[in-house]
Participant: 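Sharing a structure below in structure tokens format, with a few things to ask.
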Amino acid sequence: MVKRQAYQPILITDASRSQDDQLNSRQRRYVLMMGIRVLCIIVGAILVGANAPLLWLWLPLCGLGMVLIPWLAVLLANDRPPKEEHRLANRFHPRRQDDTPPMSLTAEERPHKVIDAEP
């Protein structure tokens with residue numbers, strides 16, 4: 001008897017995001033982070049011009065944002081989502097792999113046509 005390979009259905013919820021979708025997401029994140037960097041530069045310039053109180057605290061915070069945000073933006077823009085087997089959620093709740101898909105029947109379980117012989 002030849003054993004036929006069982007059909008494994010593919011669930012759309014298991015599909016990974018498309019390459020274009022991943023790229024667009026990373027580009028949006030990069031632009032947002034660089035916008036925050038520009039905001040840090042503008043706020044720092046306004047604080048210096050206005051001679052704001054606690055300038056000794058605000059200027060280093062703005063400078064730290066101007067230095068760290070571009071570095072983080074490049075790292076996150078070049079980062080891709082983890083492969084399914086490396087995701088942390090799968091380590092705690094591994095997916096159950098069934099040997100047989102829910103819709104497949106063995107030859108013995110398949111309904112047989114019964115031919116009634118009329119007298």
Side-chain angles (χ1 to χ4, degrees):
M1 178 184 277
V2 177
K3 185 176 180 181
R4 194 172 70 183
Q5 191 172 9
Y7 168 72
Q8 290 289 338
I10 298 173
L11 301 175
I12 190 67
T13 55
D14 290 341
S16 61
R17 293 172 52 196
S18 70
Q19 295 289 332
D20 290 336
D21 190 29
Q22 290 178 19
L23 179 64
N24 288 338
S25 166
R26 293 193 321 251
Q27 286 174 339
R28 282 192 303 269
R29 189 175 20 195
Y30 180 81
V31 169
L32 176 70
M33 291 181 81
M34 294 311 278
I36 293 171
R37 178 183 186 225
V38 169
L39 188 64
C40 284
I41 294 171
I42 292 171
V43 167
I46 290 172
L47 289 173
V48 168
N51 201 9
L54 298 176
L55 191 60
W56 59 271
L57 175 68
W58 296 114
L59 276 183
L61 286 177
C62 287
L64 192 64
M66 289 184 292
V67 170
L68 286 182
I69 288 176
W71 176 70
L72 287 173
V74 169
L75 283 180
L76 292 175
N78 290 324
D79 191 24
R80 298 181 74 171
K83 292 183 178 180
E84 194 63 31
E85 64 266 12
H86 298 299
R87 293 189 66 197
L88 188 60
N90 290 339
R91 295 184 193 264
F92 295 117
H93 303 290
R95 289 191 180 173
R96 190 171 52 97
Q97 293 287 330
D98 290 338
D99 291 337
T100 59
M103 302 272 305
S104 68
L105 298 175
T106 62
E108 293 80 26
E109 295 173 334
R110 290 191 187 124
H112 298 287
K113 288 185 181 179
V114 177
I115 301 174
D116 290 330
E118 293 184 24

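Computation of the quantities below employed the complete heavy-atom set of this structure, encompassing side-chain atoms and omitting hydrogens, waters and symmetry-equivalent molecules. Bear in mind that the values here come from a model prediction, so they are computed numbers and not experimental data.
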Participant: Using modelled atom types only, decide if a donor and an acceptor are shared between the side chain of Arg37 and the backbone of Pro70 within a distance under 3.5 Å.
Facilitator: no
Participant: What residues form a side-chain contact (heavy atoms from CB on, under 4.5 Å) with Gln22, not counting sequence neighbours?
Facilitator: Arg17, Gln19, Arg26, Arg80, Pro81
Participant: Please find the pair of heavy atoms, one from Leu76 and one from Arg29, that lie closest to each other, and give the distance.
Facilitator: O-NH2, 3.6 Å
Participant: When rounded to the nearest 0.5 angstrom, what distance separates CG in Leu39 from SG in Cys62?
Facilitator: 8.5 Å
Participant: Give me the atom names and distance for the closest heavy-atom approach of Ile69 to Ile36.
Facilitator: CD1-CG2, 3.5 Å
Participant: Identify whether Leu61 and Val67 are in the same connected component of the hydrophobic contact network (ILVMFWY, side-chain heavy atoms under 4.5 Å).
Facilitator: no
Participant: Just verifying a value: how many Å separate Ile42 CD1 and Leu47 CG, rounded to the nearest 0.5 Å?
Facilitator: 12.0 Å
Participant: Side-chain heavy atoms under 4.5 Å apart, restricted to Ile/Leu/Val/Met/Phe/Trp/Tyr: what other residues fall into the cluster of Met34, or is it alone?
Facilitator: Tyr30, Val74
Participant: Which distance, rounded to the nearest 0.5 Å, do you find between the CD1 of Ile41 and the CD1 of Ile46?
Facilitator: 12.0 Å
Participant: Hey, what do you get for CG (Leu23) to CZ (Arg28), rounding to the nearest 0.5 Å?
Facilitator: 10.0 Å
Participant: State yes or no: do Met66 and Val43 share one hydrophobic cluster built from I, L, V, M, F, W and Y residues joined by side-chain heavy-atom distances below 4.5 Å, directly or via other members?
Facilitator: no
Participant: I'd like to check the side-chain contact (heavy atoms from CB on, under 4.5 Å) partners of Leu72; sequence neighbours left out, ordered by chain and number.
Facilitator: Met33
